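What follows is a short report on a single structure.
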Amino acid sequence: MWRFAQVGIALGALGVMICFMGLFPGVTGAPTTAGIGLVQVSMVLVGYSLLILGAIIYLKYTFFLEVPATLSQQIGIRLALTGILFAALAGLADILGFGTHTRDDSGDIFFGQLQVIGILASFALSSLGVLIYVLAGAHIARHAPVEALSESIAGVDDTTELMLVELDEPL
């Protein structure tokens with residue numbers, strides 16, 4: 001099960017890269033335009049979602065593998081996922097039709113200050129949810145047996161040995 005922690009790290013790293021490409025599309029070689037478009041907003045949202053999900057997966061499978069989640073940890077997870085949902089609603093408000101600037105025939109969307117504040121506040125809410133998940137489980141990690149924690153963190157047992165292969169011909 002310790003390999004799921006590596007999946008969490010990979011998802012988090014992929015999320016950071018996608019979010020960075022959404023914020024700064026010039027690093028990919030794409031021509032930059034004035035303003036921000038639907039693809040950029042979607043990339044930022046998907047990237048940050050992957051980052052938060054990767055963090056939760058990493059924390060669960062690294063520190064709290066065989067421990068059931070407490071109520072506080074479940075609240076932290078739900079808070080993180082709610083922040084992701086609110087960020088998507090705030091970022092796509094004009095596109096979905098309930099924002100202050102509805103879409104017209106020109107095709108350009110307007111990404112306003114309220115949307116930026118909504119996205120940043122929602123990202124902060126998601127980060128707070130992950131932080132609550134960690135801090136609520138800190139006492140569990142302190143009281144867990146040391147052997148169980150070391151095995152779940154290391155992921156391998158100490159009895160593994162290296163196999164030496166003998167060559168038929170000398171080098």
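Because the structure is a prediction, the values reported are computed rather than measured.
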(request) Calculate, to the nearest 0.5 Å, the distance between atoms CD1 and CG belonging to Ile52 and Leu11 respectively. (result) 12.0 Å

(message) Under 4.5 Å between side-chain heavy atoms, counting indirect links through other Ile/Leu/Val/Met/Phe/Trp/Tyr residues: same cluster for Val44 and Leu114 or not?
(response) no

(message) Rounded to the nearest 0.5 Å, what separates atom CG in Leu53 from atom OG in Ser126?
(response) 9.0 Å

(request) Give a yes or no on whether Val41 and Ile117 share a hydrophobic cluster (residues Ile, Leu, Val, Met, Phe, Trp, Tyr; joining criterion: side-chain heavy atoms under 4.5 Å apart). (result) no

(request) Would you confirm whether Gln73, through its side chain, and Ala136, through its main-chain N or O, come within 3.5 Å as a donor-acceptor pair? (result) no

(request) Could you give me the CA-CA distance, side-chain angles and deciding distance for Leu14 and Met17, then say whether side chain to side chain contact (heavy atoms under 4.5 Å, CB included) is met? (result) CA-CA 5 Å; Leu14 180 67; Met17 288 187 332; 4.2 Å; yes

(request) For residues Ala5 and Tyr58, report the shortest heavy-atom separation together with the two atoms involved. (result) O-CD1, 3.6 Å

(request) Could you tell me the separation between the CZ atom of Phe123 and the SG atom of Cys19, rounded to the nearest 0.5 Å? (result) 6.0 Å

(request) Quick one: closest heavy-atom pair of Gly83 and Ser122, and the distance? (result) O-CB, 3.2 Å

(request) Applying side chain to side chain contact (heavy atoms under 4.5 Å, CB included), run through Val39 and Met43 and close with a yes or a no. (result) CA-CA 6 Å; Val39 175; Met43 285 184 70; 4.1 Å; yes

(request) Might you point out which heavy atoms bring Lys60 and Val67 nearest each other, and give the distance in Å? (result) NZ-O, 3.0 Å

(message) Quick check on Leu128: does its CG atom have over 12 non-hydrogen neighbours (other residues, nucleotides or ligands) under 6.0 Å away?
(response) yes

(message) To the nearest 0.5 Å, what is the distance between CZ on Phe4 and OG1 on Thr62?
(response) 12.5 Å

(request) With rounding to the nearest 0.5 Å, note down the distance linking CG in Leu81 to OG in Ser49. (result) 9.0 Å

(request) State the OG-CG distance between Ser42 and Leu92, to the nearest 0.5 angstrom. (result) 5.5 Å

(message) Hydrophobic clusters here meaning ILVMFWY residues chained together by side-chain heavy-atom distances under 4.5 Å, can you tell me if Ile119 and Leu23 are in one?
(response) yes

(request) Classify the ring geometry between Tyr133 and Phe64 as parallel (under 30°), tilted (30 to 60°) or perpendicular (over 60°). (result) perpendicular

(request) Give a yes or no on whether the backbone of Pro25 and the side-chain of Thr28 come within a donor-acceptor separation of less than 3.5 Å. (result) yes

(request) Start with the C-alpha gap between Ile84 and Leu45, add the side-chain angles, then the distance that decides, and say whether side chain to side chain contact (heavy atoms under 4.5 Å, CB included) holds. (result) CA-CA 8 Å; Ile84 291 171; Leu45 293 172; over 6 Å; no

(message) Are Ile75 and Val134 connected into the same hydrophobic cluster when the rule is that any two of I, L, V, M, F, W, Y join if their side-chain heavy atoms are below 4.5 Å apart?
(response) no

(request) Report whether Leu51 and Val27 are members of the same hydrophobic cluster (ILVMFWY, side-chain heavy atoms less than 4.5 Å apart, transitive linking). (result) yes

